[in-house]
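Working notes for the structure below.
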Amino acid sequence: MKTNTTCPYCGTGCGITAERTSDGSFTVSGDEAHPANLGQLCAKGHALADTLNADNRLLYPEIDGKSVSWYQAIDHVARAFEETIEAHGHDSVAFYASGQLLTEDYYVINKLVKGWFGTANVDSSSRLGMASSIIGHKRAFGSDTVPGCFADLELADLVVLAGSNLAWCHPVIHQRILAEKRRRPEMFIVVIDPRSTTTSDHADLHLRIQPDGDCLLFNGLLAYLASHDKLDEEYLKQHVNGLEEALQAIGELPMEHLAERLGVDLQQLEIFYGRVAFTPRTVTLYSQGVNQSESGSDKVSAIINMHLATGRIGKPGTGPFSLAGQPNGMGEREVGGQATALAAHMDLDNPQHRDVVQRFWDSPRIASKPGLCAVNLFKAIEAGRIKAVWILGSNPVDSLPEADTIRAALQSCPHVIVSDVTTRTDTLDYATVRLPALPWGEKDGTTTNAERCISRQRALRPPMGDARADWWAVSQVACRMGFRSGFTFDSAADIFREHAALSTTGNDGNRDFDIGACASLSDQEYQDLQPFYWPWRSGKPSTQSVRFYENGHYSTADHKARLYPVSAARPGNRDLSDHYPLILNTGRIGEQWHTMTSTGYAAALHAHTDEPFVELHPHDALIHGIKNADIIEVRSPHAAILLRAVLNDRQPLGQIFSPMHWSDEFASQARVDSLIGRRTDPVSFQPAFKNQAVSIQRFDAGSHGYAMLKHKPDRNLFVDIDYWAMTPIVGGWQIEFASKQNARELDTCMAMRLTRSMQPCSMEPLTCLDHANDIRRMAVFEQDRLQLLLFTSSAPVPLSRSWSAAQFETLWNERSTRWRMLTGRPAIDLPEEDAIV
Ligand SMILES: Nc1nc2c(c(=O)[nH]1)N[C@H]1C(S)=C(S)[C@@H](COP(=O)(O)OP(=O)(O)OC[C@H]3O[C@@H](n4cnc5c(=O)[nH]c(N)nc54)[C@H](O)[C@@H]3O)O[C@H]1N2
Ligand SMILES: Nc1nc2c(c(=O)[nH]1)N[C@H]1C(S)=C(S)[C@@H](COP(=O)(O)OP(=O)(O)OC[C@H]3O[C@@H](n4cnc5c(=O)[nH]c(N)nc54)[C@H](O)[C@@H]3O)O[C@H]1N2
Ligand code: SF4
Ligand SMILES: [Mo]
């Protein structure tokens with residue numbers, strides 16, 4: 001049987017066709033009818049079927065580590081909130097979620113917090129990705145609306161990718177653009193990113209600006225267009241306010257001066273500005289290199305200013321395009337699931353809006369002031385002002401800045417309720433109550449992708465164990481607290497209808513978000529709902545693609561868009577010092593998703609990167625006495641971590657890059673966010689994840705090694721090993737380690753620990769002390785199977801990991817050939833493919 005559903009990873013929101021095979025397992029392929037991907041999928045999408053077999057599912061509710069019934073768990077959580085609110089007031093409780101929940105989950109959370117708790121202390125990890133874009137949109141359009149759609153990227157003649165590593169983070173959109181470029185080679189792609197990426201490899205022009213040079217770059221562009229008579233005077237007159245103020249804020253920007261401050265070639269800058277000047281069909285797509293910055297909101301405004309002033313918006317192949325990262329970051333914005341929003345795109349500080357929402361909900365209260373945004377919310381927990389928090393679908397102990405303070409905050413908080421789908425995350429360690437949620441394949445509802453396309457995520461099979469939908473758990477707690485009137489939902493469809501009805505209530509076309517047509521869907525119609533773009537107003541047909549502001553009619557009071565004056569600060573990092581001389585930039589790699597809670601277990605996704613790493617320029621490495629594959633300590637004023645050094649000149653001098661993914665589950669000390677300070681954009685409160693002053697130092701290891709074994713070892717086995725990193729391989733797990741101990745000590749200690757769980761009577765170990773090569777070698781067999789391999793040395797072990805890994809699949813009934821495992825290679829004269837990390 002085939003089921004159409006949606007991918008739960010990035011904001012591309014690819015349609016997926018899942019098919020159950022005769023043995024009960026599933027295969028997945030791209031849904032050819034889905035407008036976002038037209039049949040394509042990336043590696044993460046393809047690996048989804050594997051994640052359905054995860055054996056680390058959280059299946060039963062727990063209080064203080066003990067399994068309990070849902071009845072007990074709900075009662076406990078309801079009382080925790082009740083007592084906390086009674087003793088400390090409505091603002092002493094909070095919710096923290098993510099754009100990985102479904103719209104229906106989020107609608108219920110937001111309703112409970114804002115309508116019944118009467119606080120706006122509900123925020124999410126979307127704050128870490130999208131907050132600056134929301135500010136930019138509202139400043140300019142009066143509404144948080146992404147004007148264009150993916151098709152505009154194919155219709156454009158100039159595609160500007162600012163602070164986006166599209167090739168890795170939204171691969172299917174990138175492929176759509178590259179396919180169009182093959183059809184029309186004259187299409188011009190510009191990448192704006194301080195470092196080289198797979199995305200910049202495919203660009204016609206790569207502007208390697210200084211970190212946070214974006215405001216200056218786009219301000220310079222607006223000034224250039226103005227002085228070259230390339231603004232759309234007619235459009236400005238009819239539809240836009242604020243040109244004079246915007247130009248005034250920019251002031252004089254001579255090109256030579258500008259190029260120097262940005263750290264780019266004058267000629268390159270002229271090519272970029274010249275291209276923009278002469279290409280009406282321009283799209284500027286931007287993501288975290290723009291948003292995650294102390295000047296994130298202003299960067300967004302500077303980009304939108306250029307588009308408004310040239311009238312390049314609301315027309316085919318044009319527009320500023322904020323690319324949502326999470327699968328449902330957009331749905332979260334639509335329900336208003338943030339500390340700074342109300343519901344259905346209505347505003348907290350608008351009394352009329354509050355009235356509309358409160359009447360519609362018939363709620364006893366309505367939040368009237370902004371709640372605490374992500375970083376400040378956890379600061380309030382740390383300070384003891386918030387005493388009960390419910391975390392759903394996020395792993396803040398690894399994904400928020402100054403991550404070690406998040407641990408401390410949760411440790412001191414009396415009630416930490418965590419809803420998750422897995423048994424192990426660094427956040428679950430601090431939960432007083434754990435609630436089992438439904439993962440992809442079991443959950444059911446809707447998501448909105450980056451181009452406003454709403455699609456169904458459908459269940460492929462019944463829930464495992466006692467896992468339940470997040471909306472159900474939240475509604476049950478609400479009912480137990482006595483709020484039955486608002487929370488007697490029977491299904492996701494029930495909630496979606498209510499959400500749709502609210503979107504159209506009091507909305508005479510003055511709010512962009514309106515899906516009133518869905519307010520009367522039957523259960524069956526909801527089940528069959530095809531992907532559609534909002535708005536879908538009542539009585540109108542649904543559309544397959546829609547562009548906002550085609551008529552230049554904006555959602556501001558006078559229906560004119562507004563240029564926002566941006567004065568750009570000097571690019572770079574003012575915290576650099578002799579102690580912290582380098583800039584740490586962070587982000588993602590193609591194969592991993594956030595804190596690896598699901599992709600971390602898929603061997604297929606670890607083919608290229610096994611360990612937490614930091615990329616640095618060879619010259620910076622030389623200055624610091626660092627060689628390729630050394631372990632290095634990266635230090636900021638907040639913490640220090642250990643990462644494998646990868647030298648390449650794709651990093652600019654003075655800047656290093658490390659992915660955000662590794663957690664305590666997969667490595668000893670690699671939580672990058674423990675290094676990042678809590679500096680945020682002053683308006684959007686989005687953290688500056690991409691520009692942190694740090695120092696680096698070679699870690700002086702006395703020994704190195706790696707082990708392979710059939711089952712994932714408990715990470716507590718390695719607590720005293722300075723550096724370790726665990727990776728799934730086909731048929732087992734691989735652990736790399738390094739230590740201050742000497743090789744003999746490391747070897748003895750690892751051999752003892754890794755064999756501890758094996759049956760001594762059936763173990764058949766082979767060992768060898770290879771003096772010539774300085775490698776201690778050990779292989780352990782049980783019956784015909786290889787169970788464990790261990791190699792240690794005083795230097796990194798130069799043996800092929802992939803060959804060793806493949807041997808776990810081999811039948812070793814010939815004892816006489818087993819010694820071969822100790823060589824760690826197929827045959828003496830074959831090359832070793834991946835001996836060096
Ligand atoms: N494989 C994978 N895909 C994902 C995710 C994932 O975890 N893994 N997560 C999803 C989510 S939630 C998000 S938000 C998106 C993020 O998607 P992206 O924003 O594309 O990804 P990042 O790697 O965070 O950052 C993009 C680029 O910004 C650059 N950058 C850093 N500083 C600056 C600057 O000052 N100016 C400019 N112009 N660029 C700068 C970085 O060098 C980096 O290459 O990805 C989504 N897709
Ligand atoms: N240094 C650095 N840090 C960053 C970033 C960066 O670029 N650099 N990017 C930031 C950005 S943009 C983002 S979006 C965040 C992402 O960071 P997080 O929000 O922490 O995302 P995940 O690590 O994916 O954690 C999601 C958790 O939810 C669980 N889960 C999945 N589906 C469900 C569900 O339906 N219900 C429930 N209850 N649980 C579920 C998963 O098992 C997992 O444990 O990281 C931010 N942190
Ligand atoms: S591009 Fe994004 S939505 Fe599409 S398959 Fe890949 S991860 Fe999933
Ligand atoms: Mo994100």
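Read the numbers this way: they start at 1 and go in the same order the structure lists the ligands and their atoms.
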Taking non-hydrogen atoms only, is Thr427 closer than 4.0 angstrom to ligand 2 via side chain, backbone, both or neither?
neither
Geometric class of the Phe378/Tyr96 ring pair [parallel <30°, tilted 30-60°, perpendicular >60°]
perpendicular
Using a 4.0 Å heavy-atom cut-off, which part of Asp212 comes near ligand 1: side chain, backbone, both, or neither?
both
Ligand-residue contact atoms, ligand 1 with Gln592, heavy atoms, under 4.0 Å
1 (N), 2 (C), 6 (C), 7 (O), 8 (N)
Counting only heavy atoms, which portion of Trp440 has something under 4.0 Å from ligand 2: side chain, backbone, both, or neither?
neither
Tell me the contacting part of Thr597 for ligand 2: side chain, backbone, both, or neither, using a 4.0 Å heavy-atom threshold, strictly below.
side chain
Who passes side-chain contact (heavy atoms from CB on, under 4.5 Å) against Ala49, sequence neighbours left out?
Val28
If you measure from each non-hydrogen atom of Arg195 to ligand 1, which part falls under 4.0 Å: side chain, backbone, both or neither?
side chain
Between Phe689 and ligand 1, find which residue part has any heavy-atom pair under 4.0 Å and reply side chain, backbone, both or neither.
neither
Close approach, Met130 and ligand 2, non-hydrogen under 4.0 angstrom:
no
Given side chains that start at C-beta, do those of Glu665 and Arg715 come closer than 4.5 Å, heavy atoms only?
yes
Under 4.0 Å between heavy atoms, the region of Arg208 that gets near ligand 1 turns out to be neither
Polar contact flag for Asp193 and ligand 1 (N/O pairs, less than 3.5 Å):
yes
For Arg407, run the salt bridge (charged side-chain N to carboxylate O under 4.0 Å, His left out) check against Asp398, Asp429, Asp426, Asp664 and tell me which one passes.
Asp664
Is there a heavy atom in Leu438 that sits closer than 4.0 Å to ligand 2?
yes
Look at the side chain of Thr599 and the backbone N and O of Gln592, then say whether any donor-acceptor pair between them is shorter than 3.5 Å.
no
At a non-hydrogen distance cut-off of under 4.0 Å, which region of Thr199 contacts ligand 1 (side chain, backbone, both, or neither)?
neither
Residue-level breakdown please: for Ala437 versus ligand 2, do any non-hydrogen atoms fall below 4.0 Å on the side chain, on the backbone, on both, or on neither?
side chain
Please state which part of Asp420 comes within less than 4.0 Å of ligand 2, counting heavy atoms only: side chain, backbone, both or neither.
both
Check contact between Met596 and ligand 2, using heavy atoms of the residue and a distance below 4.0 angstrom.
no
Just which atoms of ligand 1 are under 4.0 Å from any heavy atom in Thr197?
44 (O)
Ligand 2 versus Asp673, non-hydrogen atoms closer than 4.0 Å: side chain, backbone, both, neither?
side chain
Atoms in ligand 1 flagged as close to Ile589, the criterion being non-hydrogen separation under 4.0 Å
1 (N), 2 (C), 8 (N)
